[in-house]
Amino acid sequence: MFKTVIEPFRIKVVEQIRMTTPEQRTALLAQAGYNTFSLRSEDVMIDLLTDSGTGAMSAEQWAGIMRGDESYAGSPSFYRFQDSIRQVMGFEHVIPTHQGRAAERILFGVTCAECDVVPNNSHFDTTRANIEYRGATALDLPCAELADMSSDYPFKGNMDVEALRTAFATYGADRIPLVMLTVTNNSGGGQPVSMANAREVAAVCREFGKPLYLDACRIAENAYLIKQREPGYAEKSVREIVREMCDLAEGCTMSAKKDAIVNMGGFLATRDSELARQERVLLILTEGFPTYGGLSGRDLEALAIGMQEGVDEDYLNYRITSTHYVGRHLRENGVPLLWPTGGHAIYLDAKRFAAHIPPQRLPGVSIANALYHAGGVRACEIGTLMFGHPDPATGEETVAARELVRLAIPRRTYTQSHMDYVIEVVLKVWEERASLPGYRIVEQAHYLRHFSARLEPIGQSPTA
Ligand code: F0G
């Protein structure tokens, strides 16, 4: 067999990348307040800020866009969307939203009261914010194996099932409206959840009479990693594995901007008719009529097609292999990262990468800025800037459990030579790591501060 796994597509339309120099990027970084979210994308050469909505749609999806029917009610595009999701996931009620967080807001809007507690393997930041906005608590229960970033443990996205039992004992089932499993576990390093773990979590939910919901935005990648890593699944198809996981759950939220490979879109799904009725009421208030939600007919078409393409095994083989390729090369050169690699991103371990910068001084921010400066590669910190906050009494930063830098790989967008370039850029920053400066925050918002914060380097400039 050949060792190269080729991109299973060819390129029909190209988008120009604007080349910049390190000198230009010095000024651009300062203008952006040393926050990669504030850079203009034209000033970025390889954009690994997110894998969300940044994938390349297929010719079929673009053809679907032309077929989109924009009727206010009862559009055939809605029925194709609903059928496609039902076929892959098996959930009866499917409610379109403009993206994942709108689905979260509606789900928690109808299920969650003040003082409630929602356990999850790890909440994504918008999921957490939507729960906290309801006055409830978002409880992260990652498995203990996640703490060892370099071990070979294959399912570091798992939930700690004993901790889930303890949560039920501590808060009481009355305060826990539902349990969520995020597949793959994005905030926990894009690591997969095993079917065995999902089954155990579902069993605990059944025992306490509570529904299990999936945050399913990367369920196809999770399924492919199960096929590769979990005993008994090698011969099963990704479709069967996705379905088996959905069968354990009452419903899901989904940002279709990930594994359904669309630029915009999401949905809520459930088997519970009464809940769906309540959700549709909220949907009408802020998203739209139930047969389009927050989307246009053409978006529904692209999503319906992307949902099928996202579970294609040739595509997933290329996708997971490509992510692993980057991770393996970096690891072989000593770069500390979360291992084994998951589906959608490489997560550098900023605590070990820039060990001389304390978490309060944002080592992940420092690395992300250096990657941009060195090679025009845009990544994002997932650490204290994202999850910490200033202590109201002392003003000191409470620090995050992990300091990571995520290099998220858009779907079907970059080729292997782009990935080779990314490897070279990371290795250059790794070689020069001793000179990375710490950062302090000079401006921040109360919620989701990482999107808009302005920062400054402490001491020497990162880009002098
Ligand atoms: N859940 C998970 C696990 C996510 O990764 C995201 C988005 C969402 C929910 C929210 O979906 O953006 O469509 O509203 N993650 C993106 C990222 C933004 O970069 O990881 P959304």
Side-chain angles (χ1 to χ4, degrees), residues 35-37 41 44 47-55 95-109 118 120-133 138 140 142 157 159 178 180-193 213-222 225 245 249 251-269 286-287 293-295 299 302-303 306-307 310 323 338 342-347 364 368 378-383 385-387 404-411 413 447-448 450-452:
N35 182 343
T36 53
F37 277 103
S41 61
V44 172
D47 204 344
L48 308 184
L49 186 67
T50 180
D51 64 318
S52 180
T54 52
I95 299 176
T97 58
H98 78 275
Q99 60 184 92
R101 65 198 69 187
E104 291 163 4
R105 192 185 56 76
I106 292 171
L107 176 65
F108 298 122
V118 179
N120 195 325
N121 45 351
S122 295
H123 292 85
F124 182 66
D125 54 358
T126 59
T127 323
R128 167 176 295 281
N130 272 300
I131 291 168
E132 291 176 352
Y133 190 68
D140 283 348
M159 180 180 275
L178 58 91
M180 253 197 151
L181 259 184
T182 304
V183 293
T184 59
N185 183 350
N186 185 16
S187 305
Q191 295 286 308
V193 174
Y213 274 78
L214 301 172
D215 177 337
C217 56
R218 300 183 182 86
I219 193 168
E221 291 172 3
N222 198 95
L225 290 162
M245 188 163 274
C252 74
T253 58
M254 172 123 177
S255 167
K257 298 167 74 172
K258 284 79 170 177
D259 278 355
I261 327 181
V262 287
N263 302 124
M264 187 49 77
F267 58 87
L268 275 157
T286 58
E287 291 282 299
L295 298 172
D299 295 327
L303 203 164
M307 200 67 199
T323 306
L338 185 46
H344 72 294
I346 301 296
Y347 290 71
R378 173 154 72 169
C380 115
E381 187 245 26
I382 300 194
L385 180 61
M386 187 178 276
F387 293 119
L404 304 170
V405 175
R406 187 182 73 168
L407 305 165
I409 304 173
R411 293 169 182 75
T413 304
Y447 287 108
L448 302 175
H450 57 285
F451 287 138
S452 58

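Every number for a ligand or one of its atoms is a count from 1 in the order of the listing. The structure presented is a predicted model; accordingly, all values stated were derived computationally and were not measured.
- Less than 4.0 angstrom separates some heavy atom of Ser255 from each of these atoms of ligand 1: 11 (O), 13 (O), 21 (P).
- We find that Arg128 and Glu104 are not joined by a salt bridge, their nearest charged nitrogen and carboxylate oxygen being 4.0 Å or further apart.
- Taking every heavy atom of Glu104 and a limit of under 4.0 angstrom, the matching atoms of ligand 1 come to 1 (N), 8 (C), 9 (C), 10 (C).
- For His344, no heavy-atom contact with ligand 1 is shorter than 4.0 Å.
- Residue contact check: Arg218 has heavy atoms under 4.0 Å from atoms 3 (C), 4 (C), 5 (O), 17 (C), 20 (O) of ligand 1.
- Evaluation of the salt bridge (charged side-chain N to carboxylate O under 4.0 Å, His left out) rule for Arg101 yields no partner, not counting sequence neighbours.
- Remark: minimum distance from atom 8 (C) of ligand 1 to any protein heavy atom is reached at Phe124 CD2, 3.4 Å.
- Not a single heavy atom of Gly266 sits under 4.0 Å from any atom of ligand 1.
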**Request:** Please report the C-alpha distance between Phe267 and Ile95 in whole Å, then the side-chain angles of each, then the deciding distance to 0.1 Å, and finally whether the side chain to side chain contact (heavy atoms under 4.5 Å, CB included) criterion is met.
**Result:** CA-CA 5 Å; Phe267 58 87; Ile95 299 176; 5.9 Å; no
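- Annotation: atom 5 (O) of ligand 1 to nearest protein heavy atom, Asn186 ND2, 2.7 Å.
- If you look at Arg101 next to ligand 1, the close heavy atoms, those under 4.0 Å, come from the backbone and the side chain alike.
- Looking from atom 10 (C) of ligand 1 to the surrounding protein, the closest heavy atom is Thr126 OG1, 3.5 Å.
- Comment: Arg411 engages Asp51 in a salt bridge, judged by a side-chain N to carboxylate O separation of less than 4.0 angstrom.
- Distances below 4.0 Å separate heavy atoms of Lys257 from the following atoms of ligand 1: 13 (O).
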**Prompt:** Taking it one step at a time, do Glu287 and Arg105 satisfy salt bridge (charged side-chain N to carboxylate O under 4.0 Å, His left out)?
**Reply:** CA-CA 11 Å; Glu287 291 282 299; Arg105 192 185 56 76; 5.0 Å; no
